[in-house]
Amino acid sequence: MELHHQTLHEVHEKLKKKELSSVELTQAVFKQIGKTEKKIKAFITLTEEMALEQAKKADAVIQKGGNFPPLTGIPLALKDIFLLKGTRTTCGSKILSNFVAPYTATSVENLLRDHAVIVGKLNMDEFAMGSSNETSAFGPCYNPWDLKRIPGGSSGGSASSVAAGHCFGSTGTDTGGSIRLPAAFCSLVGIKPTYGRVSRYGVIAFASSLDQVGPLAKDVTDAAILLKSLAGHDPKDSTSLNLPVPDYQKSLGRKIEGMTIGIPKEYFVSGLEPEIEKAVRDAIEVYKKLGAKIREVSLPNTDAAVPTYYILAPAEASSNLARYDGVRYGFRHPEATDLLSLYKKSRTEGFGPEVKRRIMLGTYVLSAGYYDAYYLKAQKVRTLIRNDFTAAFKECDLLLTPVAPSAAWKVGEKTDDPLKMYLSDIFTINVNLAGLPGMSLPCGFTKEGLPIGLQLIGNHFKEETMLQAAFAYEQATDWHTRRPKL
Amino acid sequence: MKLTPEEVQKIADLARLELRPGEVEKYGEQLSNILSNIESLKKFQTDTIEPTAHAIEVPTPFRNDEVVLSDARELTLANAPEREGDLFKVAKVL
């Protein structure tokens, strides 16, 4: 297989055996970017000079010999929501189009501690609001499996770049499915860890009680390596969990015989495309053969996902995005005459339509007289959703569902109907509302050749169980070995 | 659930956004559709249910109040749309 299509752990072996240097690897990646980036538009900013410097340093670490972290010298890319000191960080928005990060996100510091090489900042839906990457102020990003289609969102560039071989792994954020959906649409492994597992410090906030950082990768091993590096307690994030980070790679290869996997019946409903349902049901059969116990379970409040999310996330977003006022950073409208017009004109010109829609929705549900009917009600329903999962995990180790009701759609297909777009997240949102770890892994292709994703959901802090089961499935199938032709 | 043009305008004002011609109608319709979907939450019985603000309850962590060095000052000021010395400059407020 061509170098850029190999996995992170495969190229790590090559670096270890000194068959290849990090500088050579990084140059190969940029060569590939030069060839195919214009077709997929995965990057907002490329950082070639910095990457080659980091690669040189990584080579020095490798030359010293001894053990070095598996990310040493590996070209990775960051969703443009992660602050990296001295580089432009736009969050996919015009309002931050000239913002240069004054410090680095803790999760990115962790990757740099492990000597990773950062090749660039990735395209995304503006402020991570979207499911298709089409709300980006820098233009859409395209799916390497079919260039007429969207890669999923909001971490669209994070998925597209890895699938195209423009990096060996990427970071994403997931507020309602923004890692898992693009991973599913681009045949990748994507993990949304337990809320609090990875620090949010230096990650531009969308909905703070739901946002979580995670990796997108070519297989389960790569995802486990990346998660190990990203995760860990951070005193700079008060919601960060003060728990030891397990060596996730060690849980791979453990037998899953006797593990109980729950199948929530509410996730197999009308609206789920038959091809997707078949691929997921086939995956259940694979798990049966591997010795897992399959049990049907009920999550009766599943229907509440979209309405609950579209109260809570916009409410939190409208508060978080109040800081973009044109005063200290970001876009300032040149025609502002006083403070009020400075706020209004800068925000009106700086934000795109989806962000404005969500800010207005959030402002409305939090406004005087409506708080109890919307926000408080949604927080109570959130408790019901969480209770559903608590009950299910009393009888199961894991839950298995589809990631999305359909495969990737065509560019422009849903842009005129926000509600239709929101419904693509019906199977992923509740995982965020309940703070659980969830992941997407490849489980097949449609007749048209579009990737299909399988979702595994673990109990709080049980990423290891999830990865163990994902790896067992991956070993029994070969979906993860396929690469798109660009 | 149907928002009136006045309500849409009020929301935009509160959110510090200006609406261009035609946008009151466009956003009004889209927001009304979304709010109609949200109305479906009424069917969930929550009278005796406590709200969840964060899915995982973490007690507020405390740390020592120590001074740490940061070099973010100049980089932060460098992002100012307009500055005067070490200050952010805005139009006259008072």
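The sequence lines fix the lettering, A, B, ..., with proteins before strands; numbering per chain opens at 1.
When atom types are taken as modelled, the side chain of A/Thr383 and the backbone of B/Glu50 share a donor-acceptor pair closer than 3.5 angstrom. In this structure, the side chain of A/Arg382 engages the main chain of B/Ala53 through a donor-acceptor pair within 3.5 Å. Listed for the A/Arg386 side chain is a donor-acceptor partner under 3.5 Å among the backbone atoms of B/Ala55. The backbone N or O of B/Phe44 lies less than 3.5 Å from a partner atom in the side chain of A/Lys377, making a donor-acceptor pair. A donor-acceptor pair under 3.5 Å is formed between the side chain of A/Arg347 and the backbone N or O of B/Ala15. Between the side chain of B/Asn79 and the main chain of A/Val100, a donor-acceptor pair closer than 3.5 Å is present. Under the 3.5 Å distance criterion, the side-chain polar atoms of B/Thr46 are left unmatched by any main-chain donor or acceptor of A/Lys380.
With a 4.5 Å cut-off on non-hydrogen atoms, A/Pro418 touches chain B through its side chain but not through its backbone. Using a 4.5 Å cut-off between heavy atoms, B/Tyr27 touches chain A through its side chain atoms alone. Only the side chain of B/Leu19 comes within contact range of chain A, judged by heavy atoms closer than 4.5 Å. Interface residue A/Leu361: backbone and side-chain heavy atoms are both found under 4.5 Å from chain B. Contacts between B/Glu74 and chain A at a heavy-atom distance below 4.5 Å are absent for every atom of the residue. Neither the backbone nor the side chain of A/Asp237 comes within less than 4.5 Å of any heavy atom of chain B. Residue A/Leu433 touches chain B through its backbone alone, counting heavy-atom pairs closer than 4.5 Å. Heavy-atom distances place no part of A/Tyr309 under 4.5 Å from chain B, backbone and side chain included. If you measure heavy-atom distances from A/Tyr370 to chain B, the contacts under 4.5 Å come from the side chain alone. With a 4.5 Å cut-off on non-hydrogen atoms, B/Thr76 touches chain A through its backbone and its side chain both. At a 4.5 Å heavy-atom cutoff, the contact between A/Phe461 and chain B is made by side-chain atoms alone. Only the side chain of B/Arg20 comes within contact range of chain A, with heavy atoms under 4.5 Å apart. The contact between B/Lys42 and chain A is made entirely by backbone atoms, counting heavy-atom distances below 4.5 Å. Looking at B/Lys89, the atoms closer than 4.5 Å to chain A (heavy atoms on both sides) all sit in the backbone: N, CA, C or O. With a threshold of 4.5 angstrom between heavy atoms, A/Thr308 approaches chain B through its backbone and through its side chain. Of the two parts of A/Ala304, the backbone and the side chain both hold a non-hydrogen atom closer than 4.5 Å to a non-hydrogen atom of chain B. In this structure, chain B has no heavy atom under 4.5 Å from any part of A/Ser341. Interface remark: A/Tyr374 contributes side-chain atoms only to the contact with chain B (heavy atom separation under 4.5 Å).
Side-chain contact check for B/Arg16 versus A/Asp325: every heavy-atom pair is 4.5 Å or farther apart. Contact check for A/Thr239 versus B/Val58: no side-chain heavy atoms found under the 4.5 Å cut-off. Between A/Thr363 and B/Leu17 the shortest side-chain heavy-atom distance does not fall below 4.5 Å. Contact annotation: the side chain of B/Asp13 approaches that of A/Lys344 to within less than 4.5 Å [non-hydrogen atoms, C-beta and beyond]. Between B/Leu3 and A/Met360, every side-chain heavy-atom pair lies at or beyond the 4.5 Å cut-off. Using a 4.5 Å cut-off on side-chain heavy atoms (C-beta onward), A/Tyr422 and B/Ile34 make contact.
The most heavy-atom pairs under 4.5 Å with chain B, out of A/Val381, A/Leu321, A/Ile359, come from A/Val381. Between chain B and the options A/Val327, A/Asn242, A/Asn387, the largest number of non-hydrogen pairs under 4.5 Å is found for A/Val327. In terms of heavy-atom pairs under 4.5 Å with chain B, the best-connected choice from A/Thr194, A/Val365, A/Asp338, A/Ile311 is A/Ile311. Interface check for chain A: of the options B/Leu77, B/Leu41, B/Val90, the most heavy-atom pairs under 4.5 Å are formed by B/Leu41.
Taking CG of B/Asn33 as the reference point, atom CG of A/Asp417 lies at 7.0 Å (rounded to 0.5 Å). Between A/Leu339 atom CG and B/Lys92 atom NZ the span is 13.5 Å, to the nearest 0.5 Å. Rounding to the nearest 0.5 angstrom, the gap separating the CG atom in A/Leu376 from the CD1 atom in B/Ile49 is 12.0 Å. Expressed to the nearest 0.5 Å, how far CD of B/Gln45 lies from CG of A/Asn301 amounts to 11.5 Å.
Within a 6.0 Å sphere centred on CD of B/Glu29, heavy atoms belonging to other residues, nucleotides or ligands number 12 at most. Under a cut-off of 6.0 angstrom, the local environment of CG in A/Asn98 is sparse, with at most 12 non-hydrogen atoms contributed by other residues, nucleotides or ligands. Within 6.0 Å of atom NZ in B/Lys2, more than 12 heavy atoms from other residues, nucleotides or ligands are found, so the atom counts as buried in its surroundings. With a 6.0 Å radius and a threshold of 12 heavy atoms from other residues, nucleotides or ligands, A/Lys462 has its NZ atom at or below the threshold.
Across all non-hydrogen atoms, the minimal contact from B/Ile56 to A/Gly435 is CD1-O, 3.7 Å. Nearest heavy atom pair, residue B/Pro81 against residue A/Gly330, reads CG-O, 3.7 Å. The two residues A/Pro307 and B/Ser40 make their nearest non-hydrogen contact at CG-OG, 3.6 Å.
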Audit row: B/Leu35, A/Tyr364, side chain to side chain contact (heavy atoms under 4.5 Å, CB included) steps and yes/no | CA-CA 10 Å; B/Leu35 288 167; A/Tyr364 179 71; 3.5 Å; yes
Going through the distances and angles, do A/Lys85 and B/Asp71 end up as a side chain to side chain contact (heavy atoms under 4.5 Å, CB included)?
-> CA-CA 11 Å; A/Lys85 189 173 171 179; B/Asp71 63 351; 2.5 Å; yes
